[in-house]
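Everything on this sheet refers to the single structure shown next.
We count residues from 1, following the sequence as given.
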Amino acid sequence: QVQLVESGGGLVQAGGSLRLSCAASGRTFSLYAMGWFRRAPGKEREFVAAISWGGGSTYYADLVKGRFTISRDNAKNTVYLQMNSLKPKDTAVYYCASGSRALLLPQPVSDYTAYPYWGQGTQVTVSS
């Protein structure tokens, strides 16, 4: 059974940084693309970033491009989201998600319905 467990959320001032981690178990992590999504209060879940199974390809929402970096360590079965220059509008619950098809990207990569496996989420709050 696939399990995803996020950590690293918290309260940070605007302009600060956080690094989120997502530990995966239950299957061969290195075969599957991973994504990060977020949901702010009263808003729909939105795409943040995604990474291919080997880490060679990354994808970002325009809102976070240049500030956030997604990466993965396949030896540790973990995907990361480094968030810099945080803004109050980045406040949300952040979720990691995993694709279902080995060696293929979810299609489209930014669509949350393309990811069948989800973590429980970690809260990120950015104060002004």
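For the residue pair Q120 and L4, the shortest heavy atom distance occurs at OE1-O, 3.6 Å. Considering every non-hydrogen atom in both S100 and P116, the closest pair reads CB-CG, 3.3 Å. The two atoms that bring A14 and S128 nearest to each other are CB-CA, 4.4 Å, heavy atoms only. Between T78 and A23, the shortest heavy-atom distance links the atoms OG1-CA, 4.1 Å.
A cation-pi contact links R19 to Y80, judged by a cut-off of 6.0 Å to the six-membered ring centre and 45° from its axis.
Here the side chains of L63 and E46 are in contact, with some heavy-atom distance below 4.5 Å. Annotation: side chain of S52 is in contact with side chain of L105 (closest heavy-atom distance under 4.5 Å). Within the 4.5 Å cutoff, no side-chain heavy atoms of Y112 are placed close to those of R39. In this structure, R27 and Y117 have side chains that are in contact, with non-hydrogen atoms separated by less than 4.5 Å.
The cluster map of Ile, Leu, Val, Met, Phe, Trp and Tyr, joined by side-chain heavy atoms under 4.5 Å apart, puts V79 and F68 in the same cluster. Linking ILVMFWY side-chain heavy atoms closer than 4.5 Å, directly or via other members, places L103 and Y32 in a single hydrophobic cluster.
Crowding of E44 atom CD: a count of heavy atoms from other residues, nucleotides or ligands under 6.0 Å not exceeding 12. More than 12 heavy atoms of other residues, nucleotides or ligands sit less than 6.0 Å from atom OH of Y59.
In terms of modelled atom types and a separation under 3.5 Å, the side chain of E6 and the main chain of G121 share a donor-acceptor contact. Remark: side-chain polar atoms of Y60 are paired, donor with acceptor, to backbone N or O of I70 under 3.5 angstrom. No donor-acceptor pair closer than 3.5 Å links the side chain of D111 to the backbone N or O of P106. Looking at R72, its side chain does come within 3.5 Å of a backbone N or O of F29 through a donor-acceptor pair.
Note that the OG atom of S98 and the CH2 atom of W53 stand 12.5 Å from one another [nearest 0.5 Å]. To the nearest 0.5 Å, atoms OH (Y95) and CG (L20) are separated by 12.5 Å. With rounding to the nearest 0.5 angstrom, the OH atom of Y94 is 15.0 Å from the OG atom of S7. Rounding to the nearest 0.5 Å gives a distance of 9.0 Å between NZ of K43 and NZ of K89. Here the CG atom belonging to D73 is positioned 11.0 Å from the OG atom belonging to S30, to the nearest 0.5 angstrom. We find the CG-OG distance between L81 and S71 to be 8.5 Å, quoted to the nearest 0.5 Å.
For the pair D62 and K65, the salt-bridge criterion is met [side-chain N within less than 4.0 Å of a carboxylate O].
The six-membered or imidazole ring of F37 lies near that of Y115, with a centre-to-centre distance under 6.0 Å.
Considering T69, I51, V109 as possible partners of T58, the one that fulfils the side-chain contact (heavy atoms from CB on, under 4.5 Å) test is I51. For the side-chain contact (heavy atoms from CB on, under 4.5 Å) criterion with R38, the lone passing option out of D90, T91, V93 is D90.
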